[in-house]
Amino acid sequence: MSTKLLNDHPLQNRWNDIFAFENEEAEIEYDAQMLRFAFLSEIEKYQKLQGVKKNKLADKIKTSASYLTQLFTGSRKLNFETIAKIQRVLEIKFNISATPAKDEVMIDEEFFLDLKCKFKGRNGLWMWKALEAPTQELYENDMDKTLLQKAVAHYDDKAIPA
Amino acid sequence: MVQREAYILKSSDDGKKHVCIDAENEASILDFLERQKGAKKKFQYIVGIILSGIHNSHLYGDENINDETENVTAMKMFQSGANIRLYCKEQEGLSGTFYVIVAELLPKKKTQKVTGDAKQLIKKVGNYEYKIIERPPAAK
């Protein structure tokens, strides 16, 4: 999320205080809760799709409906054991993926060198640009090829001959 | 429809979603968030899930009671057992930009049911039409 400061207005300053974190620990706590909410969002989606009421879900994972409510409202912290239990009951599977938080990313030197080898004979100053993250399907099936195609296009546009 | 103005408070990283505040009710809503224990943190969470596109009906969801209130939603603050809500209006901009405008505060809602006071407030918000403006400079 990004905050847009409109001007130095007293009310805007009060809003800035509302959205500010007291320290890094508070910011990490917020990020952690957003991750929990992301898992819970998927759980709620499948609960609705399958018509599984909160009471029934609570029974099946041997907890109370009020405990589940507390998880959804953020009063209690969802843990991975509970996620695993809910996965079994709803017969779903979480697919985890990550994307760079910034445009510029650090990449593994070995991977970079391997990529460079595939361009043997093409001299120039190599530059790396973060590209759109591949989909899970592309990643599994064709990541290398896709990245190479994009890298070639980028090389042709941007590389400066030595 | 009642024409009202709102200011952007926070935007999503892609700039396609914005949480805004009703210009007229801004000060009273701020007072509540600053005064009520735990409200600041809960508000941060709710704004976070809206801007991240995370669904959570326990914290934020539809509050439509008839066709005229279909774009009215509620931030469910749940503080001190009083079931406090912030009623919001969802609006779409011309280019598909999505705005959630925090419009009215319902200080206490004793039951899960939509009571008379709440209905009145929901209808009122359903009738609001917002113009998103830049906050004017502070008066000197």
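In what follows, chains are A, B, ... by sequence order, proteins preceding strands, each numbered from 1.
By the 4.5 Å heavy-atom criterion applied to side chains, B:Glu26 and A:Trp15 are counted as neighbours. The side-chain heavy atoms of B:Tyr7 and A:Leu11, taken from C-beta on, include no pair separated by under 4.5 Å. For the pair A:His9/B:Pro136, no side-chain contact is recorded, criterion being any heavy-atom separation below 4.5 Å from C-beta on. Counting heavy atoms from C-beta outward, B:His55 and A:Glu42 have side chains that stay 4.5 Å or more apart.
Listed here is the closest heavy atom pair of B:Glu34 and A:Ile18: CG-CD1, 4.0 Å. Closest of all the heavy-atom pairs between B:Asp31 and A:Arg14 is OD1-NH2, 2.7 Å.
B:Lys42 places no side-chain N or O within donor-acceptor distance of the main-chain N or O of A:Gly74, the cut-off being under 3.5 Å. Using a distance-only test at 3.5 Å, with no hydrogens or angles considered, no donor-acceptor pair links the side chain of B:Gln44 to the main chain of A:Phe21.
When heavy atoms are compared at a cutoff of 4.5 Å, B:Ile21 approaches chain A solely by way of its side chain, counted from C-beta outward. For B:Lys41, the part sitting under 4.5 Å from any heavy atom of chain A is the side chain, from C-beta outward, and nothing else.
Crowding of B:Glu24 atom CD: a count of heavy atoms from other residues, nucleotides or ligands under 6.0 Å not exceeding 12. Counting non-hydrogen atoms of other residues, nucleotides and ligands closer than 6.0 Å to NZ of B:Lys124 gives a total of 12 or fewer. By the neighbour-count criterion of 12 heavy atoms within 6.0 Å, atom CG of A:Asp59 is densely surrounded, having more than that number from other residues, nucleotides or ligands. A 6.0 Å sphere centred on OH of A:Tyr46 holds no more than 12 heavy atoms belonging to other residues, nucleotides or ligands. Atom CD of A:Glu22 has 12 or fewer heavy atoms from other residues, nucleotides or ligands within 6.0 Å.
In this pair, A:Phe37 and B:Tyr45 present their aromatic rings perpendicular. The plane angle is above 60°, beyond the 30 to 60° band. In this structure, A:Phe72 and B:His58 have parallel ring planes: the angle between them is below the 30° cut-off, well short of the 60° mark.
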Chi angles and distances behind the side chain to side chain contact (heavy atoms under 4.5 Å, CB included) call for A:Ser41, B:Asn56: CA-CA 6 Å; A:Ser41 173; B:Asn56 185 329; 6.0 Å; no
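Taken to the nearest 0.5 Å, the NZ atom of A:Lys45 stands 14.0 Å off from the OG atom of B:Ser57.
Ranking B:Leu33, B:Ile46, B:Leu30 against chain A, the residue ahead of the rest is B:Leu30, based on heavy-atom pairs under 4.5 Å.
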